[in-house]
Amino acid sequence: MVIIGTTPDTPKITHRRVTISSHQSKWLPTYCDETTLQDMIARVETAVFHCLEVGVKRVVLSLPGTLNGGSHPVEAATMAIRTTLWKYAGKFESFTVMCPP
């Protein structure tokens with residue numbers, strides 16, 4: 001089991017227009033601070049690389065910063081890690097990301 005720690009610090013959030021599909025765009029919360037964004041990506045990449053090293057085929061990952069008292073907006077955290085997930089998800093039989101309700 002891989003556990004990646006998160007802190008309950010409230011990140012600085014702004015909204016920006018993000019293209020969701022080829023026909024639609026929305027205003028979604030995103031991180032103002034580049035350090036917070038890079039930290040989020042590094043957490044996910046650390047977990048993914050470890051899973052690849054030890055031969056894990058099915059991954060269940062909690063969305064960093066959103067569970068156990070984390071105050072990160074789900075949309076911002078998801079947008080931060082989506083490129084990393086798209087890049088590596090095909091290397092596993094299944095890749096599930098748990099989000100709070």
Side-chain angles (χ1 to χ4, degrees):
M1 175 181 283
V2 178
I3 299 173
I4 304 297
T6 60
T7 60
D9 300 333
T10 303
K12 293 181 176 139
I13 298 294
T14 186
H15 287 74
R16 73 172 181 180
R17 187 168 276 295
V18 177
T19 301
I20 303 300
S21 67
S22 59
H23 303 289
Q24 179 185 12
S25 63
K26 292 173 79 167
W27 285 95
L28 293 176
T30 56
Y31 293 106
C32 293
D33 182 16
E34 187 68 22
T35 304
T36 304
L37 176 65
Q38 293 304 319
D39 181 51
M40 185 78 61
I41 293 168
R43 289 178 194 179
V44 172
E45 285 183 346
T46 299
V48 168
F49 293 152
H50 181 73
C51 290
L52 287 172
E53 283 179 0
V54 298
V56 172
K57 297 293 183 189
R58 294 185 184 106
V59 177
V60 178
L61 177 74
S62 64
L63 189 59
T66 60
L67 297 176
N68 297 329
S71 57
H72 296 248
V74 172
E75 296 91 348
T78 304
M79 295 300 289
I81 66 170
R82 74 179 183 164
T83 303
T84 303
L85 294 182
W86 288 341
K87 186 175 180 181
Y88 296 106
K91 298 182 184 290
F92 300 97
E93 288 178 11
S94 68
F95 200 107
T96 305
V97 179
M98 296 177 6
C99 302

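What you see is a predicted model; the values in this text were computed from it and never measured.
The CZ atom of Arg82 sits 11.0 Å away from atom OG1 of Thr84, with the distance rounded to the nearest 0.5 Å. Considering CZ of Arg43 and CD of Gln38, their distance stands at 12.5 Å, rounded to 0.5 Å.
By the rule that hydrophobic residues join a cluster once side-chain heavy atoms approach within less than 4.5 Å of another member, Trp86 and Phe92 end up as members of separate clusters.
Heavy-atom minimum distance, Cys99 versus Leu63: SG-CD2, 3.7 Å. Minimum heavy-atom separation, Ala77 to Pro64: CB-O, 3.8 Å.
Residues Leu85 and Val44 are in side-chain contact: their nearest non-hydrogen atoms beyond the backbone lie under 4.5 Å apart.
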